[in-house]
2 protein chains.
Amino acid sequence: MTPNPTESLIQLDTSSLVDKVEANLVKLLVERKLRVGDIIPTELDLSRSLGVSRTVVREALLRLRMMGLIDTKKKKGSVITSPDIFGIMSKSMNPHILDQDTLREIFELRLVLEIGMADLLFQRITPKDIEELKEIVKTEPDTAKDHIFHIDHEIIFHGKLYEIAGNETLKRFQKMLLPIFDYVHNSGLLKKPAQIQKFVSHKGLIDILENGSPELFRNGMRNHLENHFLRIFS
Amino acid sequence: MTPNPTESLIQLDTSSLVDKVEANLVKLLVERKLRVGDIIPTELDLSRSLGVSRTVVREALLRLRMMGLIDTKKKKGSVITSPDIFGIMSKSMNPHILDQDTLREIFELRLVLEIGMADLLFQRITPKDIEELKEIVKTEPDTAKDHIFHIDHEIIFHGKLYEIAGNETLKRFQKMLLPIFDYVHNSGLLKKPAQIQKFVSHKGLIDILENGSPELFRNGMRNHLENHFLRIFS
DNA sequence: TTTAGCATTATGTATAACATAATAAGACTA
DNA sequence: TAGTCTTATTATGTTATACATAATGCTAAA
């Protein structure tokens, strides 16, 4: 084997100043174990102690802000906030910008989530939740009648399920994906037309939640989402 | 009911200049339907045509860059790139920064994903994948022997499953969450100690993939992850 | 004691200047 | 003519300075 001439070269540091300052600040947050609500030094202070211009500090702080690590107020300075994982993500979640493959994949993700969360549902569902679900299906519109309203209703029902799952991160994930689902539904990305008839209805799912098991629910939901699966896998 | 005195007040626009420029640029990208690789005007041009300082334009561009919408090179200017949804997200995914509740929730998310992706697996798995999985379990270490190595092996096996699922977005999601899983495992966040014995082994899962059904796999995986569930729900 | 107004302070914005890296153009040589 | 080296150009990266603006806290007047 011929020796690779680039082998002995060290990796050059091509990162910009802002990159370094950003890394520095994150390191500071981690190592100092700063708690939510703590304030960090002002831009001018940081600029002085780090030996870079205020502009660079500002850009680094902007990044932290976008990551949801800090919230900066006038006069006060920047305070540490509970990081918002999905904050930025949802901003770049513009369906018009994402390419079709990604859209299809995100749509698949929904199916994965709703089938996979059965255990969480059964662990945390309360009688009150059951009542609320029943209330929701009571106002269920006729499938064939009003398509738009039907989609809205779908969102309400399934949204309630996410709520019951009691996982805030999961719920926010869904909330972020919602516009995508909507977009995919209306975009013609799904090949086959939706079948009107559902095998397992919303009402059926509630029955399972009340008297069944996670296993039954997974199959029920799988069945309920059958249409979507068929449309994706065509 | 007494009338609300604030009712007739219009919502003030508290957004900063940078906010507006950012929105403007995103709108530009969407409406012009610009394709990946297209270049957008230089900072100075934008600053002139938008009537704001270059500073503001720079900050707005920085945000777009963080969203993965553009990639800016010296001299060339900024070019549009395929948005990287998880790019920024993974940067703020520092386990040391996330609070414990969020960590627990993200860990739950893993369980949801791996149970929920059964259908994708069965749709896309190939004989070659089965072989590779078998190859992986062949080198499976003794559970009781080397704990660290055992975790590594877990990651390899389950990572392969994500790969088989054939959903790039899902895979990258998992990749992003990996450090979290690792951290949670080692952090003492999980209450009960792990049980050594697994009901359904990796080998068992492979058998199901080869001869079983999605339904069987979901239950198998549910069983396989039983330990994790118990530790979370305590 | 309350409130109106002022001072203070840190971020937001603007401008100008220079550094640096990537590209293009031109000149020079084989 | 082709190829390479040098130089010029251009757009981003960085610095410095100044002023605007909003939030906070203090002070004095009612």
Side-chain angles (χ1 to χ4, degrees), chain A residues 9-26 28-29 34 36-81 87-88 91, chain B residues 5 9-25 28-29 34 36-81 87-88 91:
Chain A
L9 292 180
I10 56 167
Q11 188 80 19
L12 292 179
D13 181 16
T14 63
S15 65
S16 72
L17 244 184
V18 180
D19 290 329
K20 297 193 185 90
V21 171
E22 178 198 344
N24 228 308
L25 289 176
V26 171
L28 185 81
L29 294 201
L34 296 177
V36 171
D38 292 354
I39 65 171
I40 62 179
T42 69
E43 295 176 354
L44 222 57
D45 284 342
L46 287 172
S47 132
R48 268 193 289 264
S49 54
L50 290 172
V52 296
S53 75
R54 194 183 144 213
T55 311
V56 169
V57 172
R58 272 185 67 78
E59 295 211 358
L61 286 178
L62 172 58
R63 294 191 186 177
L64 296 198
R65 201 160 55 225
M66 286 199 71
M67 291 187 228
L69 291 183
I70 62 175
D71 184 25
T72 124
K73 297 273 186 189
K74 282 201 169 182
K75 164 88 177 185
K76 264 266 182 283
S78 297
V79 296
I80 302 188
T81 62
I88 331 103
K91 294 191 77 170
Chain B
L9 291 180
I10 56 167
Q11 188 81 18
L12 292 179
D13 181 16
T14 64
S15 63
S16 71
L17 246 183
V18 179
D19 291 328
K20 298 193 185 86
V21 171
E22 177 198 346
N24 227 310
L25 290 176
L28 185 82
L29 294 201
L34 296 177
V36 171
D38 291 353
I39 65 170
I40 62 179
T42 69
E43 295 176 356
L44 222 57
D45 284 343
L46 286 172
S47 129
R48 268 194 288 265
S49 54
L50 290 172
V52 296
S53 74
R54 193 182 148 215
T55 313
V56 170
V57 172
R58 273 186 66 79
E59 294 212 0
L61 286 178
L62 174 58
R63 293 191 187 176
L64 296 197
R65 202 161 52 224
M66 285 201 71
M67 292 188 225
L69 291 182
I70 61 174
D71 184 25
T72 122
K73 297 272 187 191
K74 280 200 170 183
K75 162 89 179 183
K76 264 266 179 294
S78 297
V79 297
I80 302 188
T81 61
I88 331 103
K91 293 191 78 171

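Sequence lines set the chain letters: A, B, ... in the order given, protein chains first and strands last, and positions in each chain run from 1.
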A:Asp19 atom CG is separated from D:dT12 atom P, nearest whole Å, by 17 Å

Taken in chain and number order and not counting sequence neighbours, the residues that satisfy side-chain contact (heavy atoms from CB on, under 4.5 Å) with A:Arg54 are A:Glu43, A:Leu44, A:Ser47, A:Arg58

Those residues at least two apart in sequence (or on a different chain) that pass salt bridge (Lys or Arg N to Asp or Glu O under 4.0 Å) with A:Glu22 are A:Arg63, B:Lys91

Whole-Å distance, B:Arg58 CZ to D:dT12 C1', equals 6 Å

Per side-chain contact (heavy atoms from CB on, under 4.5 Å), B:Ile70 is matched among B:Leu62, B:Leu64, B:Ile39, B:Leu25 by B:Leu64

Scanning both residues in full, the closest heavy-atom pair of A:Ser78 with A:Thr72 reads OG-CB, 3.3 Å

In whole angstroms, the gap separating C1' of D:dA8 from NZ of B:Lys74 amounts to 17 Å

Assign each of A:Ser53 and A:Lys73 the nucleotide of DNA chain D bearing its closest heavy atom; nearer the 5' end lies the nucleotide of A:Ser53

Min and max contacting nt of DNA chain C in 5' to 3' order, chain A heavy atoms within under 4.0 angstrom, are C:dT8 to C:dT13

Rounded to whole Å, the CD-P distance (A:Glu59 to D:dA16) equals 15 Å

Could you write out each protein N or O paired with an N or O of nucleotides 17-19 of chain D at a distance under 3.5 Å?
none

Residues at least two apart in sequence or cross-chain that pass side-chain contact (heavy atoms from CB on, under 4.5 Å) with A:Leu17, listed by chain then number, are A:Val52, A:Val56

Between the CG atom in B:Asn24 and the CG atom in B:Asp19, the distance rounded to the nearest 0.5 Å is 12.0 Å

Taking the side chain as C-beta and beyond, is there a heavy-atom pair between B:Leu46 and B:Val21 under 4.5 Å? no

With five pairs defining each end axis, the helix from C:dT1-D:dA30 to C:dA30-D:dT1 comes out bent, to 10°, by 0°

